[in-house]
**Student:** 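Okay, handing you the structure first.
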Amino acid sequence: MTSGFATIPKTAPFTEEDVDLLNRVVGPASAIQRAWLAGFLAGVESVQGSAAQPSAPARPAEPITIVYASESGNCEKLANNFAKAARKNGLKPILIDMADLDVSTLAQARKLVFIAATWGEGEPPARAVRSYGELMGESAPRLDDVEFGVLALGDTAYVEFCAIGKKIDERLAALGAKRVIDRVDCDLDFEKPAGDWLGDAIKVLAPPVDIDRGRVIEVDFGAKPAGSPNTDIVEAEIAELTNLNSSRSNKETVHFALSFDGAAPAYEPGDSLDLYAENDPAYVDELLKLAGLAGDAKLRDELTKTRDVTTLSLKAVETYAGQTGHYYLKKMIADGEAKEWIAGRQLIDLIETFSITLTADQLRAVTRTLAPRAYSIASARSEVGDEAHLLISAVRYDTHGRARKGVASNFVAERLKRGGKVRVKLKPNKHFRLPAPDKNIIMVGPGTGVAPFRAFVQERRATKASGKNWLFFGDRQYTHDFLYQLDWQEALAEGSLTRLDVAFSRDTPDKVYVQHRIWDRRRDLVEWLDGGASFYVCGEAKNMAKDVRAALVAAYADVKNLSADAAEQAVAALERDTRYLTDTY
C-alpha cells in the first residue's frame, strides 16, 4: 500500500503503530475522512484474516453519512437506530448532528442520508440554524458524486409542513447529488412511515452483495443505548397543584408537583416530561352534536382520550372534503383559500361551517393521534427526591367568535385535582445541560421559560457548585405574575443565585422585556461570557428567543466595538462551543 502514505506489507497485521503512522503522515482529517479510513483499514485487516479462503474475501464496509437536524430528539433517535441497522447491512455509519456539521465535508460523502425536523412555521431546529444557512448559501460545495435520501419530520398543524426536509432535499439535488430514494414527509405519528422509509433506504444504499433485497428491514424504535434512563410511560400522583399568579392576574400559571410509586424517572436538570392529557369532554360533546353523532358513547370515549380533536390542518380540510364531497369546501381548496381560512380555527369550526352528517369513521379520519405535550422539569432530584415539578400556563384565547383552550394546559388547570393520577414519560434533553460546577451560567427565562432554571439553581445549590448563577426573568406585572418569587429571593439571600434581573412589561408606559435588560447589563454580560460563562435561553421561540439573540449580538458589537458581522460571529462561536444553548417552543 503506497500513494504517499507509508509502505505497509499486505501480509502484515495492521497494528496501532501503523494507525499512528498514518495519522502523523495524513494529519488532521474530517469526521467523514476518519470514518472512511477506519472502514478501509477494517477491510484490509479482514482480508488479511481470511487469506486462507481467497475465494470469498471480505470487503471494507462502505461509509454512509447520516446527518440529523433534531429539535425534540425524534430525528436523533431515528438516526441512531438507522445507524445500527445500517451497520448490520454492510455499511459503516458516520453520525453527525447538523449543529456540528461542516458543510464543506459533504462533498467527501458518497452515500448521504438527512433526517430533518421542521420547527414552528418552516424553520430549522435552533441548533441547526448555522449549518442549514451554510447549506443553502453560495459557499455550499458541489455534490456530484453523492447519492442521497431525505426523511422529513413535521407537524401538519403548521402550514409549512416538513418545509426544512423539503428544502434540504431540493438543495442537495441542486448541488448535483443524485436522489436514490424519494423523500417521505412524516407527521407526529412518524414511527411507521419513518421505519418503512429507513428500511427502504438501507436496501438502496447498502452494498448489493451484503443484503437480500427481498427481505424486510426493520428499524427498532424501541432500542435504547446501554445505561440510558427509562422513558416508558408511567403513572404519577398529583402532590400539589397551585396557581402562582395572583387572583387579579389575567393569567393562570400552575405549579404542578408529581410524586411516583417508587423512584421518580431518572431525570436531570434540563430534561422535560411528556404529559398525556385528555380533551375537554364539553368540547367533544359539542363536536359530536355538530357531526350528528351525539349518541355514540364509544366514539366519545375515544375522542376524549386518544384523538386530537382540536388541531385543524390543511390536510384535515382536504380529508374532510374527500370524505364528504362537500362542494363549497372543495371549491375553497381549489381556489387556494383554505390555507388562509384555517388560521385561528379548530376542527369544530370546519364541521360547523361545512355542516354535514358524518359517520364515526369519517370523523375519525379527520383526526390524528393525540400527542403528549412536553413541559420542562422545574425541579432537581437532588433537592426534591422522588418528585418532579412542572410549570404550566393555562392557554386561553378567543378567535372567530369562539373561546379556545389549550388541551394539555387546561386539562391540568381545570380538571385535575390533588391526589389524582396522570400519565407522563421522561424526555431527556442532553443538549440543555449544566456546565462544570466551577463555570458561571446566565439564564434567560421569561414566563414559564423559567422552569428549567429553577432546576438549575436547585442542582447547583445541592451540589455546592462554585460557579456563579445569573437569572433574567420577565412577565407582565411584578405584583401578580412574579413566578417562583419566593424561591428566587431565598436563593439570592443564601447566595445560590448571584444576580437577578427582571422585566415586567405592563408595569411601565413603555413595555420592557428581557432583551432590554440584556442590553442594560451588556458590559457585565460580555465580561461573564469572555470569562467562560454559558448562556441559556428557554421560552417562546417565534419572537422572544430571536430578540434575545439579537440583543446579545448588539451587546457584543457595542461593548467590544465590533462590526455587525463580527458581533454575529462572536455569538455564533458561543453556539459552536455549546455555550449558547436554547430550549424553545
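FYI, side chains are in, hydrogens and waters are out, and symmetry mates aren't considered; it's all heavy atoms of this structure.
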**Student:** With a 4.0 Å cut-off on N to O distance, would you call Glu268 and Lys430 a salt bridge?
**Tutor:** no
**Student:** Within a strict 4.5 Å, meaning less than it, do heavy atoms of the Val450 and Leu471 side chains meet?
**Tutor:** yes
**Student:** I'd like to know if the side chain of Lys439 and the backbone of Gly467 have a donor-acceptor N/O pair within less than 3.5 Å.
**Tutor:** no
**Student:** Which heavy-atom pair separates Asp271 from Arg433 by the least distance, and what is that distance?
**Tutor:** OD1-NH1, 2.7 Å
**Student:** Starting at CD1 of Ile115, measure out to CZ of Phe190 and round the result to the nearest 0.5 Å.
**Tutor:** 10.5 Å
**Student:** Could you grab the distance from atom CG of Asn469 to atom CD1 of Ile441, nearest 0.5 Å is fine?
**Tutor:** 4.0 Å
**Student:** Testing the basics here: between Asp182 and Trp197, what is the closest heavy-atom pair and its distance to 0.1 Å?
**Tutor:** O-NE1, 2.8 Å
**Student:** Apply side-chain contact (heavy atoms from CB on, under 4.5 Å) to Asp185 and Leu151, showing your working.
**Tutor:** CA-CA 7 Å; Asp185 301 330; Leu151 177 65; over 6 Å; no
**Student:** Between Leu314 and Val159, is there a side-chain heavy-atom distance shorter than 4.5 Å?
**Tutor:** no
**Student:** If only side-chain N and O atoms count, and only distance matters, is there a donor-acceptor pair under 3.5 Å linking Thr448 with Tyr585?
**Tutor:** yes
**Student:** Quick one: closest heavy-atom pair of Pro93 and Ala83, and the distance?
**Tutor:** CG-O, 3.5 Å
**Student:** Between Asp189 and Thr369, do the side chains contain a donor N or O and an acceptor N or O under 3.5 Å apart?
**Tutor:** no
**Student:** Under the criterion salt bridge (Lys or Arg N to Asp or Glu O under 4.0 Å), I'd like the reasoning laid out for Arg549 against Glu575: C-alpha separation, chi angles, the key distance, then a yes or no.
**Tutor:** CA-CA 11 Å; Arg549 192 184 186 283; Glu575 293 170 328; 2.9 Å; yes
**Student:** Does any N or O in the side chain of Asp547 come within less than 3.5 Å of the main-chain N or O of Gln515, such that one atom is a donor and the other an acceptor?
**Tutor:** no
**Student:** So, does Asp155 use its side chain to make a donor-acceptor pair with the main chain of Ala157 at under 3.5 Å?
**Tutor:** yes
**Student:** Output yes when a side-chain donor or acceptor of Lys166 lies under 3.5 Å from a complementary backbone atom of Phe161, and no otherwise.
**Tutor:** yes
**Student:** Is it true that Glu191 and Lys77 make a salt bridge, defined as a side-chain N closer than 4.0 Å to a carboxylate O?
**Tutor:** no
**Student:** With a 4.5 Å heavy-atom cut-off, do Glu160 and Lys167 have their side chains touching?
**Tutor:** no
**Student:** Give a yes or no on whether the backbone of Asn543 and the side-chain of Glu540 come within a donor-acceptor separation of less than 3.5 Å.
**Tutor:** yes
**Student:** Could you pull out all donor-acceptor pairs under 3.5 Å where a side-chain atom in residues 135-146 meets a protein atom, sequence neighbours excluded?
**Tutor:**
residue : atom : partner : partner atom : Å
Arg142  : NE   : Asp144  : OD2          : 3.4
Arg142  : NE   : Leu175  : O            : 3.4
Arg142  : NH1  : Ala174  : O            : 3.2
Arg142  : NH2  : Asp144  : OD1          : 2.8

**Student:** With side-chain contact (heavy atoms from CB on, under 4.5 Å) as the test, would you mind laying out the steps for Val113 and Phe82 before giving the verdict?
**Tutor:** CA-CA 10 Å; Val113 166; Phe82 177 58; 3.9 Å; yes
**Student:** Do Phe456 and Phe453 pass the ring-ring contact (aromatic ring centres under 6.0 Å, His included) test, and can you show the C-alpha distance, the side-chain angles, and the key distance before you say yes or no?
**Tutor:** CA-CA 5 Å; Phe456 279 20; Phe453 303 134; 5.6 Å; yes
**Student:** To the nearest 0.5 Å, what is the distance between CD1 (Ile94) and CD (Gln108)?
**Tutor:** 9.5 Å
**Student:** With Tyr375, which of Val424, Leu275, Leu273 fulfils side-chain contact (heavy atoms from CB on, under 4.5 Å)?
**Tutor:** Leu275
**Student:** Which pair of non-hydrogen atoms, one from Pro125 and one from Ala117, has the smallest distance, and what is that distance?
**Tutor:** CD-O, 3.3 Å
**Student:** Hey, mind stepping through Ile518 and Phe472 against side-chain contact (heavy atoms from CB on, under 4.5 Å) and telling me if it holds?
**Tutor:** CA-CA 8 Å; Ile518 287 171; Phe472 288 84; 4.2 Å; yes
**Student:** Does a sphere of radius 6.0 Å around CD in Glu527 hold more than 12 heavy atoms from other residues, nucleotides or ligands, not counting ones at 6.0 Å or beyond?
**Tutor:** no
**Student:** What's the spacing between Asp169 CG and Cys162 SG if we round to 0.5 Å?
**Tutor:** 11.0 Å
**Student:** Give the intermediate values and the outcome of side-chain contact (heavy atoms from CB on, under 4.5 Å) for residues Thr367 and Thr311.
**Tutor:** CA-CA 8 Å; Thr367 69; Thr311 299; over 6 Å; no
**Student:** Does the side chain of Leu112 come within less than 4.5 Å of Leu106's, by heavy atoms?
**Tutor:** yes
**Student:** Donor-acceptor check, side chain of Arg579 to backbone of Ala533, threshold 3.5 angstrom: yes or no?
**Tutor:** yes
**Student:** Answer with yes or no whether the side chains of Asp102 and Thr105 bring together a donor and an acceptor at under 3.5 Å.
**Tutor:** no
**Student:** For Ala554, does its backbone N or O pair with a side-chain atom of Asp558 as donor and acceptor, under 3.5 Å?
**Tutor:** no
**Student:** Does the separation of the ring centres of Tyr536 and Phe432 fall below 6.0 angstrom?
**Tutor:** yes
**Student:** Report the distance from atom NZ of Lys425 to atom OG of Ser272, rounding to the nearest 0.5 Å.
**Tutor:** 12.0 Å
**Student:** Kindly indicate whether the side chain of Val526, heavy atoms from C-beta on, has any atom under 4.5 Å from the side chain of Tyr556.
**Tutor:** yes
**Student:** Measure across Glu71 and Ala126 and return the closest heavy-atom pair with its distance rounded to 0.1 Å.
**Tutor:** OE1-N, 3.0 Å
**Student:** Would you compute the distance between atom OG1 of Thr231 and atom CG of Leu426 and round it to the nearest 0.5 angstrom?
**Tutor:** 7.0 Å
**Student:** Between Thr118 (side chain) and Ile164 (backbone), is there a donor-acceptor pair under 3.5 Å?
**Tutor:** yes
**Student:** When you measure from the side chain of Asp583 to the backbone of Cys538, do you find a donor-acceptor pair of N or O atoms at a distance under 3.5 Å?
**Tutor:** no
**Student:** Are the side chains of Lys111 and Pro63 in touch, meaning some heavy atoms are under 4.5 Å apart?
**Tutor:** no
**Student:** Check whether any side-chain heavy atom of Glu147 lies under 4.5 Å from a side-chain heavy atom of Leu205, and answer yes or no.
**Tutor:** yes
**Student:** For Phe535, which of Val548, Val571, Thr582 qualifies under side-chain contact (heavy atoms from CB on, under 4.5 Å)?
**Tutor:** Val548
**Student:** So, for Ala371 and Leu188, which heavy atoms are closest and what is the spacing to 0.1 Å?
**Tutor:** CB-CD1, 3.9 Å
**Student:** Is a side-chain donor or acceptor of Asp97 paired with a backbone partner of Asp100 at a separation under 3.5 angstrom?
**Tutor:** no
**Student:** Counting C-beta onward and ignoring hydrogens, is there a side-chain heavy-atom pair between Ile66 and Ile96 closer than 4.5 Å?
**Tutor:** no
**Student:** So is Arg130 actually on top of Tyr132's ring, under 6.0 Å and inside 45° of the axis?
**Tutor:** no
**Student:** Go through the steps for Arg368 and Ser313 under the test side chain to side chain donor-acceptor pair (under 3.5 Å), then give the verdict.
**Tutor:** CA-CA 11 Å; Arg368 59 181 183 178; Ser313 64; over 6 Å; no
